[in-house]
Amino acid sequence: MADRDAVPYDPQSVERKWQQRWEERGTNHANLAGASHPFYNLMMFPYPSAEGLHVGNVFAFVGADIQGRFRRLKGADVFEPLGFDAFGIHSENFALKVGTHPAELIPRNIERFRGQLKRIGLMADWRYEVQTTDPRYYKWTQWIFLQLYRAGLAVKRRAAVNWCPACKTVLANEQVINGFCERHPDVKVEQRMLDQWFFTITPYAQRLLDHLETADWSHSTRTIQANWIGRSDGAELVFETPGGKRITVFTTRPDTLFGATYLVLAPEHPLVEGLTTAERRADVNAYRRRVAAMDLVSRKVGDKTKTGEFTGSYARNPATGESVPIWIADYVLMEYGTGAIMAVPGHDERDFEFATAMKLPIVRVVAGPGQDASTPLAAAEADIPDGRIVNSPGYDGMPWAEAKRAITAALAAKNLGKPVVNYRLHDWCISRQRYWGPPIPIIYCDGCGTVPVPEKDLPVVLPALEDFRPDDSGVSPLARLESWYRVPCPKCGKTARRETDVSDTFLDSAWYFLRYPSADRDDVAFDAGLTRKWLPVASYIGGNEHAVLHLMYSRFVTMALHDLGLVDFEEPFARFRAHGTIVKDGAKMSKSRGNVVNPDAYVDKWGADTFRMYLMFLGPYQDGGDFRDAGISGIRRFLDKVWGLVETHGGSNAQAHGQAGASADLLRMMHRTIQRVTEDTASLAYNTAIAAMMEYVNALRDGEPAGSLVEPLAILLAPYAPHFAEECWERLGHTTSVMDAPWPNFDPALAVAEEVELVVQVNGKVRARLRSPRGTPQEAAVKAALADPSVLKFTAGAAPKKVVFVPDRLVNI
RNA sequence: GCCCGGGUGGCGAAAUGGCAAACGCAGGGGACUUAAAAUCCCCAGGGGGCAACCCCGUGCGGGUUCAAGUCCCGCCCCGGGCACCA
């Protein structure tokens, strides 16, 4: 059949040829305005680091690209944009380290990244590229800020930051190592209070949580988000002092109220001042000062030894009527609940430790089976299965869950309590006392106060600043550039001052998916019509490392814009799947570990298609795995085999040979393969989709295939090895792109075999296999099974006691 | 500590409660070759047997079932998230 000389598969020339063709033909372009079946295929845009693209990026993008190509072949109009997330402390620190300005560095990095991404063969529509550092982009980031400000969701508030006295600058939490500065290992990091901008995300907590239940998202991602939101149901209860002060505590265990033997307030609690007695004042003040100086990280995760001071005052336990001492301790945090707790040392581990250290009374109020009111407590017993209330007159014997409601209700009746829900989620601080970010578009005027920059004056361009090193002013380096921050007030015209902090990088990425379809527009952030047409995003694939911040903030911004009437959906991502992590030698790839794998060398040696498929074949896409290059040759061998099949059965032969020449078995296998590849590709089971194609190719080579059996293979391969598939498609006699071919259909009836192998078990053990026609009825199957010599050996001719028959599968005797 | 995942050949991995190990890598044997590479064919969980075959096997211990890698209970180990959150 093959008259031509065999041309070996040369990935380099094939890939060069098709990348050029795609560009010339606009193969990857989406018709945004005219699409009839829009499918927005999104992948998390990269931070263009100086090291260039790494294997983890390729793994992520290829997996997403396969979805995009697959949906396109299935008939959708796919829009697959890409961009670069290049603002932020990461870029800034790197720039400081190498002594090159980020404005110079970033475009170079982007250039390199774009080149690498193109070589991978993504179906990206580069006409809609976005760069967060481009004033044409961040103009609209600032606009988003103004919309949230308008909605009352952006507020300025005093908040603590980490401060390194040696660097004289604000540190991010990750720059604080065990309470010390990462650059000055012997300098203790302190806490400083600064005025900062916050987005009030907390009122959205319940909505953000509720939508997770129905979201088509990875299970792991939903769990992580739900934990981060951290809903807990409890009650606020009031303890009164003899002086008439009401101390409100939050507890999730109101049922243990009778065991509350003391109160603890956060050292910063506003009531502490008034509660402290004269003789305790010196100690209390010293303790409060010590805690105030502590850096934010140590306060929460540092040494957990319990410390605290007695205020000298007492309050009345509303259940027992007893007087309980009021303490302060750093283990109680001002930002959670009411900043005050009732301590139940018998049933809370921290309270137990504190009570033991301070010699405070410990009382049992819950007893499990086999315990009673007097069973001693050697440690806190927090979760007692089947626990019942004891030592609590009026509630004794009650299951604790029931007592929770009963005690809360009883206190509510006396105006001393109510059920309350708390969330761990904190408001989002977006102020950064840094240079490399979009300036927050606010102007402060002595007369008019806080004035938002009028939208017509956007963007507030980040000025070129030669020395952008942070300094000891506690504000952004922009505060050094008087010519920039001195501006007339937009309201009254008098001299005013710009906000000199820039916004958090996470704000840049919290709305970029809205920007892509309108990336070519300068008059709007996002066009209403295009947004309605293309959003919410149909498929979003990215790493779980962004499960918390990026995804949460994107959802919040979208909800806020929805509430402002600017978009008509509340959730930005209809479907989200987290890909796994590619590690190397069991560890995350990082430059400091020296285990970063650069994809270029692999693309050079094997070609993008082989490399793409290899990464997808490593293991389940949603699990990731350890990168080893052993085995990459297996993929290449597979592609060579396909190449050979195309060579032999392609060209004019493809059409000439009808399916007449195809054996029934091979035809069935083709349908079965199409079914498996279709289902597995849709569910991101790329490794098994590839395995199915391999099995098919092996079968074609063992049999006598017709060209019509080879053709569908080129289309099935297109999402995985796009250049290769194009070349095969052309060699099969087609003149248009394989990406414009229709995904092959399978006939479920043809995909199943006519003859099946029936497994015969005796007492649950496999003893024989019978070939029998599909649909063999029970009587016939059992008869055949009993007649089988190897079955006879075990039944010894005896009549079966019981028979289990699963049609077309097995007979168990 | 709490909340998610996961644990299967030498390795990466497959398996609607119904033939454990598909597919691939590495390995062994053979063909082709002066030779090697490439390619092609065969073997390949462990143990026993001359053999047909038999026994054992999915982290550990129990259980449900005609039948369990898969479901239930209790442990162990690994990965991830949260963590002084009351």
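In what follows, chains are A, B, ... by sequence order, proteins preceding strands, each numbered from 1. Since this is a predicted model, take the numbers as computed values, not measurements.
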Quote, to the nearest angstrom, the [atom1] distance that separates [N] from [M].
| N | M | atom1 | answer |
| --- | --- | --- | --- |
| B/C66 | B/C75 | C1' | 29 Å |
| B/G47 | B/G10 | P | 10 Å |
| B/U64 | B/C56 | C1' | 23 Å |
| B/C25 | B/C42 | P | 15 Å |

Quick tally for nucleotides 16-26 of chain B: nucleotides whose base has a protein heavy atom under 4.0 Å get B, sugar-phosphate-only ones S, the rest -, giving B-BB--BBSSS
Interatomic distance, [X] [atom1] vs [N] [atom2] [rounded to whole Å]:
| X | N | atom1 | atom2 | answer |
| --- | --- | --- | --- | --- |
| A/Phe239 | B/A86 | CZ | P | 17 Å |
| A/Gln225 | B/C3 | CD | P | 20 Å |
| A/Met358 | B/C84 | CE | C1' | 14 Å |
| A/Tyr423 | B/A86 | OH | C1' | 17 Å |
| A/Tyr614 | B/C11 | OH | C1' | 10 Å |
| A/Lys306 | B/A86 | NZ | C1' | 12 Å |
| A/Asp348 | B/A83 | CG | P | 17 Å |
| A/Leu265 | B/A86 | CG | C1' | 13 Å |

**Item:** Proximity to the side chain of A/Tyr336 - top-ranked nucleotide from B/G81, B/A86, B/C84
**Value:**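 Output: B/A86.
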A/Asn227 side-chain proximity, nearest of B/G81, B/G12, B/A86: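 Side chain of A/Asn227 sits closest to B/G81.
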Paired with A/Phe611, the ring pair (Phe, Tyr, Trp, His ring centres under 6.0 Å) test is passed by just one of A/Tyr602, A/Trp606, A/Tyr720, namely A/Tyr602
* Asked: Taking everything shown except A/Asp386 itself, do over 12 heavy atoms lie less than 6.0 Å from its CG?
  ->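 No.
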Is atom CD of A/Glu679 surrounded by more than 12 heavy atoms (other residues, nucleotides or ligands) closer than 6.0 Å? yes
Considering residues at least two apart in sequence or located in another chain, which fulfil the ring pair (Phe, Tyr, Trp, His ring centres under 6.0 Å) criterion with A/Phe310?
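A/Tyr314, A/Trp327.
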Residue set satisfying ring pair (Phe, Tyr, Trp, His ring centres under 6.0 Å) with A/Tyr9, at least two apart, ordered chain then number -> A/Trp643, A/Phe724
What's A/Arg231 touching, base or sugar-phosphate or nothing? Going by heavy atoms closer than 4.0 Å. nothing
With a 4.0 Å cut-off on heavy atoms, is A/Ser232 in touch with a base, just the backbone sugar-phosphate, or nothing at all? sugar-phosphate
For the residue pair A/Trp428 and A/Tyr553, categorise the inter-ring angle as parallel (less than 30°), tilted (30 to 60°) or perpendicular (more than 60°). parallel
Ring-plane angle category for A/Phe576 and A/Trp217, please: parallel below 30°, perpendicular beyond 60°, tilted otherwise.
tilted
Sorted by chain and residue number, the salt bridge (charged side-chain N to carboxylate O under 4.0 Å, His left out) partners of A/Arg253 (sequence neighbours excluded) come out as A/Asp255
**OP:** Could you tell me whether the phosphate oxygens of B/C4, OP1 or OP2, come under 4.0 Å of any side-chain nitrogen or oxygen in A/His219?
**Re:**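 Result: no.
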Check your understanding: A/Arg222 side chain N/O closer than 4.0 Å to the phosphate oxygens (OP1, OP2) of B/C4?
Key -> no
The residue, A/Gly230 or A/Glu349, whose nearest nucleotide of RNA chain B is more 5′ is A/Glu349
Glycosidic class, syn or anti, of B/G9 using a 90° window around 0
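Syn.
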Only one of A/His550, A/His211, A/Gln225 passes side chain to side chain donor-acceptor pair (under 3.5 Å) with A/Arg555, and that residue is A/Gln225
Per-residue pairing states of RNA chain B in dot-bracket (Watson-Crick or G-U under 3.5 Å; . unpaired, | other strand) read (((((((..(((.....[....))).(((((.......))))).((((....))))..(((((..]....))))))))))))....
The side-chain contact (heavy atoms from CB on, under 4.5 Å) partners of A/Arg424 (sequence neighbours excluded) come to A/Tyr336
